[in-house]
Amino acid sequence: GQSLEQPSEVTAVEGAIVQINCTYQTSGFYGLSWYQQHDGGAPTFLSYNALDGLEETGRFSSFLSRSDSYGYLLLQELQMKDSASYFCAVRDPGGYNKLIFGAGTRLAVHP
Amino acid sequence: EAQVTQNPRYLITVTGKKLTVTCSQNMNHEYMSWYRQDPGLGLRQIYYSMNVEVTDKGDVPEGYKVSRKEKRNFPLILESPSPNQTSLYFCASNPGGSGNEQFFGPGTRLTVL
């Protein structure tokens, strides 16, 4: 089956840099996505990596290493509003729109 | 405004009383999904749809039904709800493409007593 592992909680201070890791096990790989979810809100899409390397979008970057079945989300210049849960996700080979999400990492940013 | 809407947003019901949670998207997306979210388990896909009249099971389909009679609507049906279906439910749509970017609705919090 498919599975993803990510840390359950991460804590950091404002202005710092934090990395949220995600390791995956899938029988076929079609890319790694990241979503952000604030308390009481809906998940929102952050990024997608299909190829190895770093993708940068403003303060957020996402990295993928297919040989290591590993990716991470990098958040720079942390702000209080970045306090949220972050989920990695992969597509299940069983279906185009069949997605598997990690259990999520709760990020707490402190002053 | 491009969006996914769900109704109701909150629902308390009793075991065995059939209910339907509606989902509608105005972005003309081909693909739609239902997820449930439980503490410590993340988002788990219940059912997904690739187009009108085309649906398939996700990871946790037991106890749920869906239909896709129109492109914009994808209702979730619980024929005989049980307490273990108490959860936060999200509908999502996506336009296709390599990233499978999901656009989520605001969520429906369901409590089954």
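Computed from a predicted structure; not experimentally measured. A, B, ... follow the sequence lines: proteins, then strands. Residue 1 opens every chain.
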With no hydrogens and no angle check, is any side-chain donor or acceptor of A:Tyr35 less than 3.5 Å from a backbone partner on B:Gln102? yes

Checking heavy atoms, do the side chain of B:Phe90, its backbone, both or neither come under 4.5 Å from chain A? side chain

Honestly, the part of B:Leu41 sitting under 4.5 Å from a heavy atom of chain A is backbone

Verify same cluster id: [X], [Y] (apolar side-chain graph, 4.5 Å):
X       : Y       : answer
A:Trp34 : A:Leu75 : yes
B:Leu11 : B:Tyr89 : yes
A:Phe60 : A:Tyr48 : no
B:Ile46 : B:Phe74 : yes
A:Tyr70 : A:Leu4  : no

One should read off an interatomic distance between B:Arg44 CZ and A:Ile100 CD1, to the nearest 0.5 angstrom, of 11.0 Å

Residue pair [X] / [Y]: nearest heavy atoms and the distance that separates them:
X        : Y       : value
B:Asn100 : A:Arg91 : OD1-CD, 3.7 Å
B:Gly105 : A:Ala42 : O-CB, 3.1 Å
A:Phe87  : B:Gln37 : CZ-NE2, 3.4 Å

Does [X] [atom1] have over 12 foreign heavy atoms under 6.0 Å away?
X        : atom1 : result
A:Glu77  : CD    : no
B:Arg109 : CZ    : no
A:Glu5   : CD    : no
B:Lys71  : NZ    : yes
B:Ile77  : CD1   : yes

Answer yes or no: is there a side-chain heavy-atom contact under 4.5 Å between B:Tyr47 and A:Lys98? no

Non-hydrogen side-chain atoms of A:Leu99 and B:Tyr35 separated by less than 4.5 Å: yes

Assess the side chains of A:Asn97 and B:Ser49: does a donor N or O sit below 3.5 Å from an acceptor N or O? no

[X], part contacting chain B, at a heavy-atom distance under 4.5 Å:
X        : value
A:Phe101 : both
A:Gln2   : neither
A:Ser33  : side chain

What do you reckon, are the aromatic ring centroids of A:Phe45 and B:Phe104 less than 6.0 Å apart?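 Not close enough - the centres of the two rings lie 6.0 Å or further apart.
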
Between B:Asp56, B:Leu88, B:Leu43, who has the most heavy-atom pairs with chain A when the cutoff is under 4.5 Å?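 Highest number of pairs under 4.5 Å: B:Leu43.
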
